Structure formats: C-alpha cells, structure tokens
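Within every chain, numbering begins at 1; the chains are lettered A, B, ... in the order of the sequence lines, protein sequences first and strands thereafter. As a basis for the values below, the full set of heavy atoms in this structure was taken, side chains included, without hydrogen atoms, waters or symmetry mates. Predicted model only: the values in this text are computed from it and were never measured.
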2 protein chains.
Amino acid sequence: MSTRRALTRNQALVLDTLTACDEPLSAYAILDRLRGEGVRAPLQVYRALDKLVETGLVHRLDSLKAFVACSHPHEHDGAAVVAFAICENCARVWEFSDSKIEDRFAAWAEAESFLTKATTIEISGLCVSCRKAAEATEGAKTAV
Amino acid sequence: MSTRRALTRNQALVLDTLTACDEPLSAYAILDRLRGEGVRAPLQVYRALDKLVETGLVHRLDSLKAFVACSHPHEHDGAAVVAFAICENCARVWEFSDSKIEDRFAAWAEAESFLTKATTIEISGLCVSCRKAAEATEGAKTAV
DNA sequence: CAAACTCTGTAATGATATAACATCGGAGTT
DNA sequence: AACTCCGATGTTATATCATTACAGAGTTTG
Ligand SMILES: [Zn+2]
Ligand SMILES: [Zn+2]
Ligand SMILES: [Zn+2]
Ligand SMILES: [Zn+2]
C-alpha cells in the first residue's frame with residue numbers, strides 16, 4: 001500500500017507556499033516566493049507542481065493559469081468531479097462537488113459512448129462579500 | 001437593434017480558418033495559416049479572436065489553449081452554459097448543454113450568494129471512434 | 001560495486017499573450 | 001470639402017507561461 005509518498009523538499013516548499021496563500025498563484029509567482037529558499041529555476045517549481053497535481057494536493061485552474069492548494073484533500077481521492085468557483089475580484093476559490101452534476105455528465109458520456117478521463121469546471125464571478133461591496137458602490141452611485 | 005455587426009476582414013479570415021478546421025487551433029496556428037492572406041502578427045489574430053469570442057462565434061478551450069468555431073451559433077446566445085467534450089486522441093470537440101446541470105450550478109450559486117458571470121466546462125477523454133480503435137488495439141495485444 | 005531509478009540543478013528555448021504607438025478609414029458634422 | 005470622432009489596423013517589442021535537453025547526486029536493489 002502506501003501510495004502516500006512523503007513529499008520531497010521542493011514539493012513541500014511549493015505546497016506550503018500555496019497553502020499559506022489564500023489565492024491561486026502562478027508558477028512564476030511561487031518561484032519568486034521561494035528564491036530565498038534556494039529555488040532558482042521555473043522547472044523546479046513546475047516539477048513539484050506536476051507531482052502535487054498528480055496526487056491531488058494541488059489543482060491547476062486553467063482559466064487563471066494558476067495553481068491552488070486543495071481545500072479538502074483526501075476527500076476527493078481520484079474519482080470525484082470538482083467544480084471551482086473563482087471570485088474575479090478577490091481571487092479566492094471555492095471548491096465543491098455535486099453528485100447530481102456528475103450523474104448528468106456520466107449520462108451524456110454514456111449516450112455518446114465518450115470515455116471520460118477528466119472533467120474541468122470553473123465558474124468565475126463575484127463572491128458574496130465582493131458582490132455586496134460592488135452593490136453598495138453601485139447603490140451610492142445611482143442614489144446620488 | 002442589430003447588435004449583429006458584420007465581421008471585419010481579419011475576423012472573417014480567422015473565423016473561416018476555424019470553421020474549415022475540424023479541430024481546435026491555437027492563435028499561432030491560425031496565424032500560420034493566414035500568412036498568405038497578409039496576416040503577419042499575433043496581435044492581429046488575437047484581436048479578431050477577442051471579438052469572435054465576445055460575440056459567441058468562437059470558443060476558447062482553456063484546457064487546450066486553443067480556439068474552436070462554435071458548432072451551433074445563434075443557439076446559445078449569451079446565457080446558456082455550454083460543456084465541451086474533447087477527444088484527446090483526434091482533438092475533435094462536442095459541444096452540448098444540459099439545463100439540469102445549469103440548475104444545479106445555479107442552486108449552488110444561490111446558496112452561496114455567488115454571482116456567476118461565466119462557467120467553463122471541459123471534459124477530456126476519448127470519443128467513440130477513438131475509443132473503439134484503442135480497444136481493438138488493446139484486445140489484439142492481450143489476445144496474442 | 002554496478003545497474004536502475006528518482007529527484008535535482010542549470011541553461012536554453014518554445015509557446016502563448018499583451019503593451020505601446022503610429023496610422024488608416026469610414027461616419028457624422030459643419 | 002474639411003473637420004472630428006472612433007474603431008480597426010499594422011508593427012515592434014516585451015511579458016508571461018511552460019518544456020526540452022543534458023548532466024549530476026542520491027537511493028535502492030541485485
Ligand atoms: Zn481539491
Ligand atoms: Zn471576492
Ligand atoms: Zn457554441
Ligand atoms: Zn477521437
């Protein structure tokens with residue numbers, strides 16, 4: 001057993017950086033934060049990210065070209081389809097899954113005989129706090 | 001009325017290129033195919049793509065960093081959530097939508113007070129023909 | 001020890017996307 | 001026609017994201 005291999009130094013550094021940050025970071029942003037730790041080249045970061053993504057500890061958000069630490073590791077080990085809601089104002093990310101949605105995708109794939117290997121779902125918009133802030137500003141503007 | 005503006009020369013060239021191609025193309029691949037028509041710089045392609053994506057005639061597939069002509073324009077004018085199934089072998093794309101899936105996303109957003117602005121769904125896997133081809137090869141391998 | 005393997009470091013390069021600036025040309029006005 | 005406005009265009013340079021290629025260091029395993 002024990003597919004749960006310990007992290008290498010670079011992997012741990014990258015994961016810690018992402019975990020400490022409440023918004024997604026690009027590979028080069030991670031690199032910048034790790035120069036003090038002796039990380040010098042993009043490839044060192046990309047290699048660590050590859051492994052972390054592979055093991056599910058980190059997710060890549062295609063729409064942002066950025067990476068984020070999984071907010072609930074161990075829960076969606078492998079199979080589950082996860083959706084990401086990304087606030088375009090504060091950049092925070094909410095991760096959720098929904099078995100009904102999974103079922104519908106599975107039904108479509110079944111009907112088309114499509115063999116699904118990966119599903120990417122990214123929703124962009126405004127989180128509740130940014131939304132309220134925006135509405136307040138908007139309200140003030142129209143009121144005056 | 002008539003938000004249905006005619007396409008400019010560059011926009012028409014780019015759209016024609018994508019429509020004539022049965023797989024997604026990167027911006028630079030489009031550029032290469034249009035050099036004969038006098039298109040010389042990436043920006044000319046990106047500008048045309050921006051407009052085409054904005055009007056819904058073209059979609060960008062984040063997971064491929066590539067663009068594809070909409071397979072049924074005018075149908076999903078604006079609102080609808082569209083999912084793309086992409087064959088990782090032949091690169092062809094199937095575009096579909098499902099109101100039940102939309103409802104579930106809307107329900108999540110409602111519960112979280114998240115204001116959705118865009119939803120990206122990309123499924124990668126094997127289309128029916130590539131899947132059958134792969135299974136045939138696999139079968140032959142194990143049989144012999 | 002040596003083979004096989006994995007992780008590492010470094011340099012160079014490739015691929016994707018945008019910034020900045022000058023210019024062109026049609027639409028509406030005078 | 002001359003003037004102005006505004007969006008599209010062309011060009012160069014640059015920013016950002018990601019990979020290839022190669023060599024070395026450390027570990028298991030036989
Ligand atoms: Zn996760
Ligand atoms: Zn927010
Ligand atoms: Zn479409
Ligand atoms: Zn296929």
Side-chain angles (χ1 to χ4, degrees), chain A residues 1-18 21 23-55 57-68 86 88 91 120 122 124, chain B residues 1-18 21 23-55 57-68 86 88 91 120 122 124:
Chain A
M1 298 199 53
S2 173
T3 156
R4 202 60 221 79
R5 318 221 328 104
L7 299 180
T8 67
R9 172 176 156 81
N10 286 350
Q11 287 162 19
L13 285 170
V14 168
L15 181 56
D16 288 348
T17 304
L18 286 175
C21 188
E23 63 186 64
L25 294 176
S26 74
Y28 279 75
I30 296 168
L31 174 58
D32 285 341
R33 294 175 187 225
L34 290 178
R35 290 197 192 276
E37 312 293 332
V39 179
R40 257 162 282 204
L43 196 48
Q44 295 174 269
V45 174
Y46 278 109
R47 283 201 277 231
L49 285 170
D50 282 349
K51 286 292 179 197
L52 292 168
V53 168
E54 197 179 307
T55 58
L57 293 172
V58 165
H59 301 291
R60 177 177 199 275
L61 299 175
D62 287 334
S63 61
L64 298 183
K65 299 180 242 234
F67 301 84
V68 68
I86 306 164
E88 63 187 26
T120 300
E122 296 176 28
S124 77
Chain B
M1 298 200 55
S2 170
T3 159
R4 204 61 223 77
R5 318 220 329 107
L7 298 179
T8 68
R9 172 177 155 82
N10 286 351
Q11 287 162 20
L13 285 170
V14 168
L15 181 56
D16 288 349
T17 303
L18 285 175
C21 188
E23 63 186 64
L25 293 175
S26 74
Y28 279 75
I30 295 168
L31 174 57
D32 285 341
R33 295 177 186 223
L34 289 178
R35 289 196 194 278
E37 312 292 331
V39 179
R40 257 162 282 203
L43 199 47
Q44 296 175 271
V45 174
Y46 279 108
R47 283 201 278 231
L49 285 169
D50 281 349
K51 286 293 179 196
L52 292 168
V53 168
E54 197 179 307
T55 58
L57 294 172
V58 165
H59 301 291
R60 178 176 199 276
L61 300 176
D62 286 335
S63 61
L64 298 183
K65 299 180 243 239
F67 300 84
V68 67
I86 306 164
E88 63 188 25
T120 299
E122 295 175 28
S124 77

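Put simply, Lys65(A) has a side-chain N or O that comes within less than 4.0 Å of OP1 or OP2 on dA17(C). Note on Thr8(B): a side-chain N or O is less than 4.0 Å away from OP1 or OP2 of dT9(D). The phosphate of dG10(D) (OP1 or OP2) has a side-chain N or O of Gln44(B) nearer than 4.0 angstrom.
One interatomic measurement links the two molecules: CZ of Arg9(A) to P of dG9(C), which rounds to 8 Å at whole-angstrom precision. Between the P atom of dA15(C) and the CG atom of Leu64(B) lies a distance of 16 Å, rounded to the nearest Å. Between the CG atom of Asp62(B) and the P atom of dA17(C) there is a distance of 9 Å, rounded to whole Å. Rounded to whole Å, atom C1' of dT18(C) lies 9 Å from atom OH of Tyr46(B). Rounded to an integer number of Å, the gap from Leu7(B) CG to dA8(D) P is 11 Å. Residue Leu49(B) contributes atom CG, which lies 11 Å from atom P of dT18(C) at whole-angstrom precision. With rounding to whole Å, Phe67(A) atom CZ is found 16 Å from dT16(D) atom P.
Taking five base pairs at each end of the helix from dC1(C)-dG30(D) to dT30(C)-dA1(D), the local helix axes there meet at an angle of 20°, rounded to 10°.
Scored by the side chain to side chain donor-acceptor pair (under 3.5 Å) test, Glu88(B) finds Lys117(A) as partners (sequence neighbours excluded). Applying the side chain to side chain donor-acceptor pair (under 3.5 Å) rule to Asn10(A) yields no partners; only residues at least two apart in sequence or on another chain are considered. A search for side chain to side chain donor-acceptor pair (under 3.5 Å) contacts involving Thr17(B) returns nothing, not counting sequence neighbours. For Ser124(B), the side chain to side chain donor-acceptor pair (under 3.5 Å) criterion is met by no residue, not counting sequence neighbours. For Val58(B), the side-chain contact (heavy atoms from CB on, under 4.5 Å) partners at least two apart in sequence or on another chain are Leu15(B), Leu18(B), Leu49(B), Leu52(B), Val53(B), Phe67(B). Residues satisfying the side-chain contact (heavy atoms from CB on, under 4.5 Å) criterion with Ala29(A), sequence neighbours excluded, are Leu25(A), Ser26(A).
In terms of heavy-atom proximity, Pro24(B) sits nearest to Ala91(B) at CD-O, 3.0 Å. What you find for Ala27(A) and Val45(A) is that their closest heavy atoms are O-CG1, 3.6 Å.
Listed in residue order, the members of residues 10-17 of chain B having a heavy atom less than 4.0 Å from DNA chain C come to none. Interface residues of residues 24-41 of chain A facing DNA chain D, ordered by number: Ser26(A), Tyr28(A); criterion, heavy-atom separation under 4.0 Å.
In this structure a side-chain-to-backbone donor-acceptor pair under 3.5 Å is present from Glu122(A) to Asp62(A).
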| said: How would you summarise protein contacts on nucleotides 20-26 of chain C per nucleotide, using B for base, S for sugar-phosphate only and - for none, with heavy-atom distances below 4.0 Å? | reply: B------
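Residue pairs meeting the salt bridge (charged side-chain N to carboxylate O under 4.0 Å, His left out) criterion with at least one partner in residues 23-36 of chain A, sequence neighbours excluded, are Asp32(A)-Arg35(A). Residue pairs meeting the salt bridge (charged side-chain N to carboxylate O under 4.0 Å, His left out) criterion with at least one partner in residues 38-55 of chain A, sequence neighbours excluded, do not occur; the list is empty.
Taking 4.5 Å as the limit, some side-chain heavy atom of Arg9(B) sits within range of a side-chain heavy atom of Glu37(B). Contact check for Leu57(A) versus Leu7(A): side-chain heavy atoms found under the 4.5 Å cut-off.
Each of Thr8(A), Leu13(A), Val14(A) was evaluated against Gln11(A); a single residue qualifies, Thr8(A), per the side-chain contact (heavy atoms from CB on, under 4.5 Å) test.
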